[in-house]
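A short write-up of the structure that comes next.
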Amino acid sequence: MKKYVFIVAVFLLTLILTVPSMAELLDRGNGLIYDDILDITWLEYANYSGETMTWDEAMSWANTFDFQGHDDWRLPASGTSCIDDTCWESEMDYLFHVEGITSTTPGQFSDVKPYMYWSATDYSTDPSKAWRFSFKFGTRDVSAKTSTRYAWAVRDGDSSPPVVPEPTGFVLFILGGMLLVVKKYGPTDSRIP
């Protein structure tokens, strides 16, 4: 019986500690939100630039932007193989369709406009155009680079050291229970068959 209790306890502990975690947008504080799937950091304030701008102005703004000690910001990348709302290959598509960030449900973000945001991606068949994304409808298309759109800066990687998670109360409860069992029914206890 003692071996059975020990095996069940080890199995439960292994099961609890190996449950896969879900993707998250992690608030790193000071205006930074980290996406642990795309491995990019978004500005929490989606309209930090405060104005719409042409694509060239938006690219220049992002490339010279310095925030929280980071000077390697850029505009989000965009996929180019499709334009409807079933395509999730761009960083803004993913934020909208997978994470559920919209202009009406901004989650941890603020001032997400229900209009178009520039991507960093040129339109390959017409260099006078670039890809853009709508946080109202979740659609991606192209616009003339001379049009004015919003700009939202992102940077590659995590913008703060990873935080070591604390054990949850459930894990502590299980571990405490296992310790009580081991203490009460030690290896030399003759009451266990």
Can you tell if the side chain of [X] reaches within under 4.5 Å of the side chain of [Y], non-hydrogen atoms only?
X: Arg132; Y: Asp141; result: yes
X: Arg74; Y: Asp156; result: yes
X: Leu26; Y: Arg28; result: yes
X: Gln68; Y: Ser159; result: no
X: Ile40; Y: Glu91; result: yes
X: Ser134; Y: Thr139; result: yes

Without swapping roles, check the side chain of [X] against the backbone of [Y] for a donor-acceptor pair under 3.5 Å.
X: Trp55; Y: Ser119; result: yes
X: Glu44; Y: Ile33; result: no
X: Asp27; Y: Gly29; result: yes

Measure the spacing between [atom1] of [X] and [atom2] of [Y] and express it to the nearest 0.5 Å.
X: Ser78; Y: Tyr123; atom1: OG; atom2: OH; answer: 11.5 Å
X: Trp61; Y: Asp56; atom1: CH2; atom2: CG; answer: 15.5 Å
X: Phe96; Y: Ser90; atom1: CZ; atom2: OG; answer: 11.5 Å
X: Lys129; Y: Thr146; atom1: NZ; atom2: OG1; answer: 10.0 Å
X: Leu38; Y: Leu95; atom1: CG; atom2: CG; answer: 8.0 Å

Anything under 30° is parallel, anything over 60° is perpendicular, the rest tilted; go ahead and classify Phe65 against Phe67.
parallel

Heavy-atom closest pair (Tyr48 atom, Leu43 atom, distance to 0.1 Å) is CB-CD1, 3.8 Å

Side-chain heavy atoms under 4.5 angstrom apart, residues restricted to Ile, Leu, Val, Met, Phe, Trp, Tyr: same cluster for [X] and [Y]?
X: Ile101; Y: Val154; answer: yes
X: Leu32; Y: Met92; answer: yes
X: Met53; Y: Leu75; answer: no

Salt bridge (charged side-chain N to carboxylate O under 4.0 Å, His left out) pairs touching residues 105-114, sequence neighbours excluded, are Asp111-Lys113

Using a distance-only test with no angle check, is there a side-chain donor-acceptor pair under 3.5 angstrom linking Ser143 and Arg149?
yes

Kindly state whether the ring of Tyr150 and the ring of Phe135 have centres lying under 6.0 angstrom apart.
no

Between Trp152 and the options Trp73, Phe109, Phe133, Trp118, the side-chain contact (heavy atoms from CB on, under 4.5 Å) test singles out Phe109

Taken in chain and number order and not counting sequence neighbours, the residues that satisfy side-chain contact (heavy atoms from CB on, under 4.5 Å) with Asp71 are Asp66

The side-chain hydrogen bond (donor to acceptor under 3.5 Å, both in side chains) partners of Thr105 (sequence neighbours excluded) come to Thr102

*Over 12 foreign heavy atoms within 6.0 Å of OH, Tyr115*: no

Q.
Show, in sequence, the C-alpha distance, side-chain angles and deciding distance for Tyr34 and Asp39, and conclude whether the side-chain hydrogen bond (donor to acceptor under 3.5 Å, both in side chains) test is met.
A. CA-CA 7 Å; Tyr34 176 63; Asp39 190 29; 2.6 Å; yes

